[in-house]
Amino acid sequence: MLDQKLIRENPRFVEENLSLRGKVYKISHIHELTIKKKEIDIELSSLLSESKKLSKLIGQVIGKAQNNNLQELNDLKKKGNEYRIKISELEENQRILDKEVNDEIHNLPNFPSKEAPIGKDESDNVQIKTWGDPLRKENIRSHWEIGESLNIFDSVKSTKISKSRFITLIGNGARLERALINFMLDMHTKNGYLELIPPALVNSESLTGSGQLPKFSNESFKCSKDDLWLSPTAEVPLTAFHKNEIIDTNLLPMKYVAYSPCFRREAGSYGRDTKGLIRLHQFNKVELYWFCEPSKSAEAHKQITSDAESILKKLNLPYRLVDICTGDLGFSSSRTFDLEVWLPSNKCYREISSCSNCLDFQARRSSIRTKIDKKNTYVHTLNGSGLAIGRTMAAILENGQQKDGSVKIPDALVPYFGSNSLKLA
RNA sequence: GGAGAGGUGGCUGAGUGGUCGAAAGCGAACGACUCGAAAUCGUUUAAUAGGAAACUAUUCGUGGGUUCGAAUCCCACCCUCUCCGCCA
């Protein structure tokens, strides 16, 4: 969420910054609303002040109560009643305005960072570096072909259980998934992250706090009888973990790593990545998350990205690092580095981690602050996948495929998986 | 799901319509005493928003309502605890 005061006092600055996203943003309406709101706030505050004084006076008059000055009392009460009517009218106005301002402000995305490459869409993203040698040769098999031949997952049976875009992991597939989760959690906790397993169901307030609501309600599954949604990413519960808190500055930065299942409706992606592990309604993810002081978030962003990267390196998976352009940035992010893993069957790099610096955008929505120079200041939040498990498995299957149909397990994973090779059981 | 009890400042806990942002205690800070410390004594000590400040408003789980006035009365909801039921 953007700063309401900034919108009120410097609307042009806000428009200019938002427009870096490659779209025109008109905020004149919300700008007017914030000004009206401020006026009402001031008027209401002074009215309340007067009416409070009057109430005290009435209390005093009653307290004396010697010679039944009923007339005086009635006059005072009448005056009080007038105040009450005026106040309740103003409060009603304030409520309506508040809601309007809130609705509009929650629909505005974050400002892109000045450092982010300017661009319109995906095609303008900038590759920063590549790591490892992408596997390119003939007769490459896709990970779903490998998976089916090794009988480690089954999507057809999963449609019986649920519908398309769900997967059931079987035998060594399930074991590999578990190995990956444990491996990643161990790596990150060794690096100073505190491990959390958060609830998978989150309420609307939490989704609003991290930016998924109100704008993207179509992208999450909702429980019809409760104000609860299946969390699309651990970023949601992690942000909400410190919702409405003022965090002791000495505790910053706070670094969390959370394993969680993630649920996404994938509305509008019909026909894309219909096979395999790339785009599922349910997938597992290990998520990294930082709360830090504002002055340190740029540095933290580099760190969280390199922490995610370290997993790819350990697994010896070729990848590249991409600087997301202003037009392709996520709603809450001001700057994002994507890590994309090489998928030989696609002959391209596919996103496996997205590391974002949201600055104070989520912190303001969720009211997460810290005291800096005795002033309450919104913290900065950063998130990054470290990594998406399903896509990691796909990358291991494809990059590790052998002529005999087996798959080589990366050395770092062998202690977790219990074997250096994945064969037909 | 049923029955009951409860939710008040950093913590414990009093407060059932008026000068209550809230007694008391603990804790914390500062001072006195002391070579120093403990003990003791004294003073101070809620937060948030707006404001340069003075100050103003808000906050006793949340949201409504009654009233000139609500921590206190009414309604709805949320949460916690105990017992029963159900359940991994």
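Order of the sequence lines sets the chain letters (A, B, ...), proteins ahead of strands, with each chain counted from 1.
Closest approach to the A:K56 side chain among B:G50, B:A57, B:U19 is made by B:U19 (side chain taken as heavy atoms from C-beta onward). In the set B:A57, B:G50, B:C68, the nucleotide with an atom closest to the side chain of A:S45 is B:A57. The A:K38 side chain lies nearest to B:G50 when the options are B:G50, B:G65, B:G18.
Going from atom CD of A:E39 over to atom P of B:G51 covers 15 Å, rounded to whole Å. In this structure, A:L57 places its CG atom 13 Å from P of B:U19, rounding to the nearest Å. One interatomic measurement links the two molecules: CG of A:L90 to P of B:A57, which rounds to 15 Å at whole-angstrom precision. One interatomic measurement links the two molecules: NZ of A:K53 to P of B:C55, which rounds to 12 Å at whole-angstrom precision. In this structure, the CD1 atom of A:I42 is 11 Å from the C1' atom of B:U56, given to the nearest Å. Put simply, NZ on A:K37 is 15 Å from P on B:U58, counting in whole angstrom units. Put simply, CG on A:L47 is 11 Å from P on B:A57, counting in whole angstrom units. The interatomic distance linking A:I87 (CD1) with B:U67 (P) rounds to 14 Å, in whole Å.
Nearest heavy-atom pair, A:R165 versus A:R272, reported as atom, atom and distance to 0.1 Å: NH2-O, 3.0 Å. Here the shortest heavy-atom pairing between A:N110 and A:C358 reads ND2-O, 3.1 Å.
Near RNA chain B, meaning a heavy atom under 4.0 Å from it, residues 361-376 of chain A has A:R369, A:K371, A:N376 in order of number.
Separation of the A:F263 and A:F283 ring centroids does not fall under the 6.0 Å cut-off. Centroid-to-centroid, the aromatic rings of A:Y256 and A:F241 come within less than 6.0 Å. The aromatic ring centroids of A:F221 and A:H281 lie less than 6.0 Å from each other.
Consecutive Watson-Crick or G-U pairing (both distances under 3.5 Å) extending over three or more pairs maps onto RNA chain B as B:1-7 with B:78-84, B:10-12 with B:24-26, B:27-32 with B:40-45, B:46-50 with B:55-59, B:61-65 with B:73-77.
The same atom, C1', is picked in B:A46 and in B:G10; the two are 9 Å apart, to the nearest Å. As rounded to the nearest Å, B:C77 and B:A22 have P atoms that lie 33 Å from one another. Here the separation of B:A52 from B:A39, taken at their C1' atoms, is 46 Å to the nearest Å. Distance noted for atom C1' between B:U82 and B:U58: 36 Å (whole Å). Straight-line distance between the C1' atoms of B:C84 and B:A28: roughly 45 Å, to the nearest whole Å. B:C83 and B:C30: their P atoms are spaced 46 Å apart (whole Å). A distance of about 29 Å separates the C1' atoms of B:G27 and B:U19, rounded to the whole Å. Between the C1' atoms of B:G21 and B:A70, the separation comes to 14 Å (whole Å).
At least one donor-acceptor pair closer than 3.5 Å links the side chain of A:R364 to the backbone N or O of A:M1. A donor-acceptor distance shorter than 3.5 angstrom exists from the side chain of A:N203 to the backbone of A:E205, with no hydrogens or angles considered. Between the side chain of A:R369 and the backbone N or O of A:V379, no donor-acceptor pair lies under 3.5 Å. The main-chain N or O of A:N244 is never found under 3.5 Å from a side-chain atom of A:S367 such that the two would form a donor-acceptor pair. For A:S220 (side chain) and A:S217 (main-chain N/O), no donor-acceptor pair under 3.5 Å exists by modelled atom type. Using modelled atom types, one side-chain atom of A:S158 and one backbone atom of A:T168 make a donor-acceptor pair closer than 3.5 Å. Under a 3.5 Å cut-off, the side chain of A:K313 and the backbone N or O of A:L317 do not form any donor-acceptor pair.
Nucleic acid contact class of A:K78 (heavy atoms, under 4.0 Å, all strands): none. Using a 4.0 Å heavy-atom cutoff across all strands shown, A:K5 reaches sugar-phosphate atoms only and no base atom. In this structure, A:L76 reaches neither bases nor backbone, as no heavy-atom distance under 4.0 Å exists between it and the strands shown. Residue A:K52 is in sugar-phosphate contact alone, with no base atom involved, counting any heavy-atom pair closer than 4.0 Å across all strands shown.
With sequence neighbours excluded, the residues that form a side chain to side chain contact (heavy atoms under 4.5 Å, CB included) with A:E89 are A:I85. Residues that satisfy the salt bridge (charged side-chain N to carboxylate O under 4.0 Å, His left out) test with A:K37, not counting sequence neighbours, are A:D41, A:D98.
A salt bridge is defined here as a Lys NZ or Arg NE, NH1 or NH2 lying under 4.0 Å from an Asp or Glu carboxylate O, and A:D328 with A:R21 fails to meet this definition. A salt bridge links A:K285 and A:E287; the closest N-O separation between the charged side-chain nitrogens and carboxylate oxygens is under 4.0 Å.
For the pair A:R8 and A:L44, both in contact range of RNA chain B, the more 5′-proximal nearest nucleotide belongs to A:R8.
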Dump the pairs, protein N or O against N or O of nucleotides 77-79 of chain B, anything under 3.5 Å, distances to one decimal.
none

Would you tabulate the pairs of protein nitrogen or oxygen atoms and nucleotide nitrogen or oxygen atoms of nucleotides 69-72 of chain B closer than 3.5 angstrom?
unit_1 : atom_1 : unit_2 : atom_2 : d
B:G69  : OP2    : A:R84  : NH1    : 3.4
B:G69  : O4'    : A:S55  : OG     : 3.0

